[in-house]
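Taking it in order: structure first as structure tokens, then the write-up.
In this text the structure is predicted, and so the values were computed from the model without any measurement. Chain naming here is simple, since letters A, B, ... match the order of the sequence lines and numbering starts at 1 in each.
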There are 2 protein chains.
Amino acid sequence: MLPDEADQAQRFEKARSAQAGALLEDYVELIDDLLGSGGEARPTDIARRLGVSHATAIKSIARLKREGLATSKLYRGVFLTPEGHDLAARVRARHRLVVDLLIAVGVPERCAELDAEGIEHHVSEAALAAFARFLEAKRK
Amino acid sequence: MLPDEADQAQRFEKARSAQAGALLEDYVELIDDLLGSGGEARPTDIARRLGVSHATAIKSIARLKREGLATSKLYRGVFLTPEGHDLAARVRARHRLVVDLLIAVGVPERCAELDAEGIEHHVSEAALAAFARFLEAKRK
DNA sequence: AATATATTGTAGCCTGTGCTACATTCTAGG
DNA sequence: CCTAGAATGTAGCACAGGCTACAATATATT
């Protein structure tokens, strides 16, 4: 049984737009991690951790700046704006919740970390809330 | 605590390559659905259901053909090769499993369908197996 | 201080996936 | 049969996100 045409189109549309934001989220979270663990967020480090060339990282950082999530000056490290920091916090919380849920349903920990990286960008607020409830219930 | 640099790069790499295959999977699954429900898979229908222009759909269909997943002749509908059909079957099974798992942990059904569209492309075989075990255990 | 190395930034290319506009072909109604 | 409208296909554009190669700057070593 095929779903309604418009519904289906909307589903795919949502998945596409989620994907469009995924890159920004990954960068912001990583930068926040780097800044948080006592160091700076330097383009080369960011590039290495994301597994891309430094040129690619710099272009993406430029996009972060365009979108008001980060700042940087020539030959200085990258910093987050308040908006960027907020986004990072939300993304990190979501990431944890996704990993925890995967583990709770029996996914091996290492695998949960791997899969969560791709999954997290597509989990809605409603689903996150459900995850939290499920984990809470299970904990008792 | 930051993860190991190489591990982290590998995670992102995996997520990127999963994303690269996602579009093909969506098309193949949809085409199989259309063919399966008694009709043809026409480019215009495919485009409408995916929420993209017909030109975009046709270009993606060309890619499916390049990759040996589909066939079509000028002004005829699209068909799947055996490889395409196999992929569609795997994708559909995975989709169902993801939706069922989301529902099982308390995500509202409609939301589960929405989120699954994006999530499914990032769920590894190991995680799928865990989902199946979890659902089986819960069913009893 | 001078130079070698590492880091940062720029330029230009490719591919993928959107789009609109236009051309072609099919198909149905008159 | 022939013409109007739908469907299909093509061309060309934009943007994102990869890459390599090169240029510029900063840092470290001698």
Side-chain angles (χ1 to χ4, degrees), chain A residues 5 8-31 34 39-79 117-118 121, chain B residues 5 8-31 34 39-79 117-118 121:
Chain A
E5 196 174 83
Q8 198 167 10
Q10 190 197 343
R11 285 222 301 270
F12 287 115
E13 169 55 37
K14 172 181 166 286
R16 278 195 300 271
S17 77
Q19 194 52 42
L23 184 119
L24 295 180
E25 294 180 351
D26 286 339
Y27 271 81
V28 162
E29 184 182 8
L30 175 56
I31 291 167
L34 290 169
E40 320 171 61
R42 289 150 68 235
T44 304
D45 291 344
I46 294 169
R48 267 205 297 267
R49 286 196 179 286
L50 289 171
V52 300
S53 74
H54 81 276
T56 298
I58 286 174
K59 269 206 274 191
S60 296
I61 291 165
R63 188 175 159 211
L64 290 186
K65 294 203 272 183
R66 268 207 311 282
E67 313 232 350
L69 296 169
T71 58
S72 80
K73 291 182 190 144
L74 273 183
Y75 296 94
R76 301 276 152 196
V78 181
F79 299 92
E117 201 57 66
H121 305 289
Chain B
E5 196 175 83
Q8 198 167 10
Q10 190 197 341
R11 286 222 299 270
F12 287 115
E13 169 56 37
K14 172 182 165 288
R16 278 195 300 271
S17 77
Q19 194 52 40
L23 183 119
L24 295 180
E25 293 180 351
D26 286 340
Y27 272 80
V28 162
E29 185 183 7
L30 175 56
I31 291 167
L34 290 170
E40 320 171 58
R42 290 150 69 235
T44 303
D45 291 343
I46 294 169
R48 266 205 298 266
R49 284 190 180 277
L50 289 170
V52 299
S53 74
H54 80 276
T56 298
I58 285 173
K59 270 207 271 192
S60 296
I61 291 165
R63 188 174 157 213
L64 291 187
K65 295 203 273 184
R66 271 208 309 284
E67 313 231 349
L69 296 170
T71 58
S72 79
K73 292 182 189 145
L74 271 184
Y75 296 94
R76 300 276 154 201
V78 182
F79 298 93
E117 201 60 64
H121 305 290

Phosphate contact (dT8(D) OP1 or OP2) by Thr44(B) side-chain N/O below 4.0 Å: yes
Atom pair distance, as rounded to whole Å: [atom1] in [X] and [atom2] in [N]:
| X | N | atom1 | atom2 | result |
| --- | --- | --- | --- | --- |
| Ile61(B) | dA7(D) | CD1 | P | 14 Å |
| Asp26(A) | dG17(D) | CG | C1' | 13 Å |
| Ile58(B) | dG12(D) | CD1 | P | 17 Å |
| Lys73(A) | dT7(C) | NZ | C1' | 19 Å |
| Asp45(A) | dT8(C) | CG | C1' | 12 Å |
| Ile46(B) | dA7(D) | CD1 | P | 13 Å |

So among Ile61(A), Val52(A), Thr56(A), which one has a side chain to side chain contact (heavy atoms under 4.5 Å, CB included) with Ile46(A)? Ile61(A)
Nucleotides 13-21 of chain C: protein proximity per nucleotide (B base, S sugar-phosphate only, - neither; heavy atom, under 4.0 Å): B--SSBBB-
Residue met sooner reading DNA chain D from 5', once Pro43(B) and Tyr75(A) are mapped to nucleotides: Pro43(B)
Considering only heavy atoms from C-beta outward, does the side chain of Asp26(A) approach that of Glu117(A) to under 4.5 Å? yes
Can you confirm whether Leu64(B) sits close enough to Ile31(B) that some side-chain heavy atom of one is under 4.5 Å from a side-chain heavy atom of the other? yes
Residue pair Ser72(A) / Val78(A): nearest heavy atoms and the distance that separates them: CB-CA, 4.1 Å
Stepwise, does the side-chain hydrogen bond (donor to acceptor under 3.5 Å, both in side chains) test hold for His121(B) with Gln19(B)? CA-CA 7 Å; His121(B) 305 290; Gln19(B) 194 52 40; over 6 Å; no
